[in-house]
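Remarks on the structure that follows.
These figures come from a predicted structure and were not determined experimentally.
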2 protein chains.
Amino acid sequence: MNTRQEVLDFVHNGHQHYLPHLSIDCVIFGYHAHQLKILLIRHHGHEKWSLPGGYIARNETLTQSAHRILAEKTQLSNLFLQQFYVFGDSATRMNRIETHDTHNTTYAKVGVALGENHWLSERTLSIGYYALVDYLNVVVTPDLLVDAYCWQEVTDVPALDFDHNEIVQKALMTLRAQLYQQPIGYNLLAEKFTLPEIHALYEAILGRQFDRRNFRKKLLTLGLIRQLEERRKIGPHRSPYLYEFDPENYQKALEEGAVLAQ
Amino acid sequence: MNTRQEVLDFVHNGHQHYLPHLSIDCVIFGYHAHQLKILLIRHHGHEKWSLPGGYIARNETLTQSAHRILAEKTQLSNLFLQQFYVFGDSATRMNRIETHDTHNTTYAKVGVALGENHWLSERTLSIGYYALVDYLNVVVTPDLLVDAYCWQEVTDVPALDFDHNEIVQKALMTLRAQLYQQPIGYNLLAEKFTLPEIHALYEAILGRQFDRRNFRKKLLTLGLIRQLEERRKIGPHRSPYLYEFDPENYQKALEEGAVLAQ
DNA sequence: ACAAAAGTGTTCGCGATACACCCATGT
DNA sequence: ACATGGGTGTATCGCGAACACTTTTGT
């Protein structure tokens, strides 16, 4: 939201366009240079960071909402995006006054105060989605509400607003559980990638190490990746071969599940 | 809801006690006599069956709501109850007129008509929960809204109201995936059970067969169950031994996951 | 020459699977 | 005696895990 008018409209008429009592929070996992990070934003006037999120428009399906919110924050579309849980238990989700104050701080910046019964201050459950992106592709633009953003290592997430730490934990658990069952990587790697790259990706997400030889054997046996003739010439030393995903087997593994690593 | 007054209060004032735009639908799996069934209800004036469900009270946590709704329908508490997905994509969840009519039919019976903008007629996303029960313990009492109930084999579910067939499918998929990772049975079997009983339970849920000897070996190796001295004297022929779950190992397997069967 | 990165094959052990006969009981 | 249901052990195979040396290239 870039103009004061937009914010005012959202605050005063948002309940006509969006469903109240429900929000979507996105845990956006970005991978780069052997590190798994998540995208955090900070609202004006807040000390703590929080997850990017938004509301469900009345004329959108839930899935469309999640993709729109993600695209608004990252400028990326067609991403791997997965619903993983609804959060409605914690104290902040029971609408304690703390939540009301937190929201008020955000909008005070543009000179808007939320009344006691304002739709943004009512009890709101949040549907958690997680996405996988290559974080070099993400363009985040601060606006009237969002003061700053940062990429934070998943092993080193600070205390977040609301119950967002809980959401991050659950997202990470789900991502890891999923990775053991299904292939992930299509959205996190270039079309052609090297074995060390995908190997490091898996180690970063799962937070553990895999034997290089066994790892390659596994992916090749499952037919998930194909070795190409080309090699990549990067830096010194021996150049690694390039690989690509086999779309057919990749899709099949997504649908049927396949044990990828133990 | 047993009195007309209760129904009227719910229809007219429900939005003050419950969160609008959100509901909970429960897929209640019941097991008995080698069959996995689900509990369906039928509202007055409806042809199709549907899943039991309810709304989230403003002063309850989401988890409390789910347990309350389940208890209202089955008279059972402390059950294994698991959130598995939010449904917000299908045509009926986009609030087509069909949904409005369907609801109206329900309340017409008690002489109530819902206006166009009634809270019960607005677009409502549904949070799916599934539960596991021994269906002999379930006491379902029809009331002013619920005309009838039945237990239906999961392999033979008729066309249901709204998007409830989709919800059942997703619940079953989740239950099966979960069963491969975690022990299930505590809520579905008596405290002491025989090996053939738990064996048949797994076969019914997963829809496939297991070798008796390997199955027993697996559960014993994992320490999930303990063999007792006693035997059960049932019917003719040799009496089977009784087993019980080892609470400590069972709990550990729930938390950490354990591969149970392949 | 040496250091750093990447390529490659074999062995071992456990766990999953497959499989068949005996025992007890009731008719 | 026979039919039914339940109990039990062993052999095989495949997959996952562990493991080390060679090749290339830049300095």
Residues pairing under salt bridge (charged side-chain N to carboxylate O under 4.0 Å, His left out) where one sits in residues 168-188 of chain B, two or more places apart or in two chains, turn out to be none
The complete set of salt bridge (charged side-chain N to carboxylate O under 4.0 Å, His left out) pairs with one or both residues in residues 238-249 of chain A, sequence neighbours excluded, reads A:Arg226-A:Glu244, A:Arg226-A:Asp246
| task | Quick one: sort the A:His164 and A:Phe162 rings into parallel, tilted or perpendicular, breaks at 30° and 60°. | result | tilted
Please report, rounded to the nearest Å, how far the [atom2] atom of [N] is from the [atom1] atom of [X].
X        : N      : atom1 : atom2 : result
A:Lys218 : D:dA17 : NZ    : P     : 8 Å
B:Leu220 : D:dT8  : CG    : P     : 9 Å
B:Tyr180 : C:dA16 : OH    : P     : 13 Å
A:Gln209 : D:dA18 : CD    : P     : 11 Å
B:Leu222 : C:dC14 : CG    : C1'   : 14 Å
B:Arg216 : D:dG9  : CZ    : C1'   : 11 Å
A:Ile198 : C:dA6  : CD1   : P     : 15 Å
A:Leu219 : D:dG16 : CG    : C1'   : 14 Å

Side-chain donor/acceptor pairs under 3.5 Å, residues 70-81 of chain B, sequence neighbours excluded:
| residue | atom | partner | partner atom | Å |
| --- | --- | --- | --- | --- |
| B:Glu72 | OE2 | B:Arg68 | NH1 | 3.0 |
| B:Thr74 | OG1 | B:Leu70 | O | 2.8 |
| B:Thr74 | OG1 | B:Leu76 | N | 3.1 |

What donor-acceptor contacts under 3.5 angstrom involve side-chain atoms of residues 26-37 of chain B, with partners at least two apart or in another chain?
| residue | atom | partner | partner atom | Å |
| --- | --- | --- | --- | --- |
| B:Tyr31 | OH | B:Leu201 | N | 3.2 |
| B:Gln35 | OE1 | B:Lys37 | NZ | 3.4 |
| B:Gln35 | NE2 | B:Glu153 | OE2 | 2.7 |

B/S/- along nucleotides 18-27 of chain C (protein heavy atoms under 4.0 Å) is BBB--BBBS-
Run the side-chain donor-acceptor check on residues 189-198 of chain A: report pairs under 3.5 Å with partners two or more places apart or on a different chain.
| residue | atom | partner | partner atom | Å |
| --- | --- | --- | --- | --- |
| A:Lys192 | NZ | A:Glu230 | OE2 | 2.8 |
| A:Thr194 | OG1 | A:Glu197 | N | 3.3 |
| A:Glu197 | OE1 | A:Thr194 | N | 3.0 |
| A:Glu197 | OE1 | A:Arg232 | NH1 | 3.3 |
| A:Glu197 | OE2 | A:Arg232 | NH1 | 2.5 |

